[in-house]
Amino acid sequence: MTVARTSSTSISVAQRVNRFTYAIRNIVAEAQRVEAAGKRVRYLNIGDPVAFGFVTPAHLVDAVERAIRDGHNGYGPSQGLASAREAVAAEYTTRGFPVGSDRVFITAGTSEGIELALTAIVDEDGDVLVPMPTYPLYTAVLAKIGARARYYRTDPARGWMPDLEHLRGLVTPATRALVVIDPNNPTGAMYSTSTRRALLELADRHGLAILADEVYGDLGYDGPVAPLGSLDPDAAIISFSSLSKAYLAPGWRTGWMAIGRSPRLDAVLGAIRKLADGRLCSTVPTQYAVTAALTGDRSHQTSFRAALKERAALTCESLAAMPGVTCTPPTAAFYAMPQIALPAGRTDEDYVLALLRETGVLCVYGSGFGLPAADGFLRLVFLAPPDELREIYRLMAEFTRGYLGI
């Protein structure tokens with residue numbers, strides 16, 4: 001039966017959506033238009049190692065396949081499979097941050113863990129200190145829950161180390177948490193021990209929870225990086241990691257968070273458990289890969305780190321040779337954050353879109369990570385094979401000469 005329509009009014013959209021942005025994905029719409037016009041697009045916007053030919057370790061694939069075939073396809077515990085949580089707890093404990101499996105959650109990637117933690121800790125109109133530049137998930141989640149991001153500066157002239165004096169000046173009675181991304185996305189930086197200790201001291205002095213994003217902890221070019229909590233196991237730290245990067249399985253969306261043993265976090269633990277119950281569970285078969293990853297062979301990481309170190313060196317050398325371009329060398333992960341000496345009145349987004357339309361090279365403008373648009377920063381992902389990177393940087397150099405009129 002046909003229903004007579006009495007209204008043509010569009011269904012309204014919640015105001016919170018207008019506060020939500022995610023530049024890493026948003027820019028893809030323009031790339032698709034460029035592709036539709038017949039130009040090849042080289043996607044350097046998303047850090048997906050698998051998309052560039054790196055292969056998920058076979059024993060992880062076997063663990064997931066076995067779980068599916070053995071019938072582990074129903075709901076699991078909201079907090080995660082006991083075996084996976086025990087593996088995560090043992091990993092942290094071995095690396096100097098003792099935590100019990102009852103304080104570990106298996107999540108749908110690190111992203112879900114971050115959202116659960118921020119939702120549990122921060123009320124509307126609360127403040128969270130985030131680095132600038134930052135991974136935009138943090139600001140997107142804070143916008144969604146009605147909280148505020150307060151950017152603390154990091155300095156490219158000092159290896160993108162946090163400006164501690166600026167950070168101290170941002171703390172107010174509304175401040176609830178400090179986000180530390182180390183090793184860092186989007187800059188590829190690793191923080192010095194003295195900087196890490198200073199961040200711990202500041203958080204302790206002001207009663208702040210630390211959200212330690214340690215997804216790239218196994219991808220320091222000279223070896224794994226110890227968890228922040230290893231410097232103070234009793235600090236109020238919630239640490240996040242996943243299978244996505246160092247274990248080459250981003251599409252599985254399987255991560256974890258470990259809530260430190262400090263009694264100051266007991267109420268947060270209860271709140272996160274309550275929120276986790278509300279979403280039932282994360283994907284069960286891929287949780288079996290957590291145990292396989294953390295208790296099995298990691299030899300792939302040695303070759304992966306070597307490949308990243310080679311690509312980082314090539315990237316820095318190529319960028320340094322470009323007119324009007326500078327770049328602080330990364331020391332971990334697969335990102336670089338070069339700066340373009342933009343003409344007056346131009347923005348980083350202007351440059352990135354023009355580069356995309358003329359050459360098909362897709363990067364992400366720095367203002368998408370919280371930097372001033374006029375400063376001319378952009379983030380690029382250097383996971384492509386070296387020969388392809390050389391061609392990309394050749395195109396970028398030719399374009400930049402023309403764009404800057406050099």
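Numbering of residues begins at 1 and proceeds along the displayed sequence.
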Exercise: identify the closest heavy-atom pair between V64 and T286:
CG2-CA, 3.8 Å
Take R103 and L269, measure what side-chain contact (heavy atoms from CB on, under 4.5 Å) needs, and give me the verdict at the end.
CA-CA 7 Å; R103 299 177 81 87; L269 172 65; 3.6 Å; yes
Rounded to the nearest 0.5 Å, what separates atom OG1 in T93 from atom CD in E86?
11.5 Å
What heavy-atom pair brings P323 and T400 nearest, and what distance separates the two atoms?
O-CG2, 3.6 Å
Taking side chain to side chain contact (heavy atoms under 4.5 Å, CB included) as the definition, give me every residue that meets it alongside P233, ordered by chain and number, with sequence neighbours left out.
P98, R261
Classify the side-chain pair S299/T302 by whether it contains a donor and acceptor separated by less than 3.5 Å.
no
Identified ring-ring contact (aromatic ring centres under 6.0 Å, His included) counterpart of Y335 within the set Y216, F382, Y135
Y216
Are the side chain of T134 and the backbone N or O of V130 linked by a donor-acceptor pair below 3.5 Å?
no
Under 3.5 Å, is there a donor-acceptor pair between the D234 and S262 side chains?
no
M132 to T154 - nearest heavy-atom pair and separation
O-OG1, 2.8 Å
Using the rule given for side chain to side chain donor-acceptor pair (under 3.5 Å), can you reason through Y393 versus T315, listing the C-alpha separation, both sets of side-chain angles and the distance that settles it, and then say yes or no?
CA-CA 8 Å; Y393 297 144; T315 296; 2.6 Å; yes
Side chains of residues 113-125: which donor-acceptor pairs under 3.5 Å do they make with residues two or more places apart or in other chains?
from: E115; atom 1: OE2; to: K144; atom 2: NZ; distance (Å): 2.7
from: T119; atom 1: OG1; to: E115; atom 2: O; distance (Å): 2.7

Do S239 and Y92 get their side chains close enough for a donor-acceptor pair, meaning under 3.5 Å?
yes
Do N45 and R379 have side-chain atoms, one donor and one acceptor, less than 3.5 Å apart?
no
Using a 3.5 Å distance criterion without hydrogens, assess whether the side chain of H166 forms a donor-acceptor pair with backbone atoms of R153.
yes
Please assess K309 against D222 for the test salt bridge (charged side-chain N to carboxylate O under 4.0 Å, His left out), listing each intermediate value before the final yes or no.
CA-CA 9 Å; K309 189 172 185 177; D222 296 324; 3.0 Å; yes
Ring centers of F369, F377 separated by less than 6.0 Å:
no
Under the side-chain contact (heavy atoms from CB on, under 4.5 Å) criterion, do R148 and V128 qualify, and how do the steps go?
CA-CA 6 Å; R148 291 182 296 265; V128 174; over 6 Å; no
Output the distance between atom OG (S194) and atom CG (L164), rounded to the nearest 0.5 Å.
8.0 Å
For P156, is there any backbone N or O sitting under 3.5 Å from a side-chain donor or acceptor partner on T328?
yes
Donor-acceptor side-chain pairing of Y247 and T56 below 3.5 angstrom
no
Chi angles and distances behind the side chain to side chain donor-acceptor pair (under 3.5 Å) call for S192, T195
CA-CA 5 Å; S192 65; T195 295; 2.9 Å; yes
Measuring centre to centre across the rings, with the benzene-like ring taken for any Trp, is Y351 within less than 6.0 Å of Y403?
yes
Evaluate V290 against W252 for side-chain contact (heavy atoms from CB on, under 4.5 Å), listing each step before the verdict.
CA-CA 11 Å; V290 173; W252 290 357; over 6 Å; no
Strictly by modelled atom types, are Y138 and D213 linked by a side-chain donor-acceptor pair under 3.5 Å?
yes
Would you confirm whether T187, through its side chain, and W160, through its main-chain N or O, come within 3.5 Å as a donor-acceptor pair?
no
Just by distance, with hydrogens left out, do T254 and Q287 show a side-chain donor and acceptor under 3.5 Å apart?
no
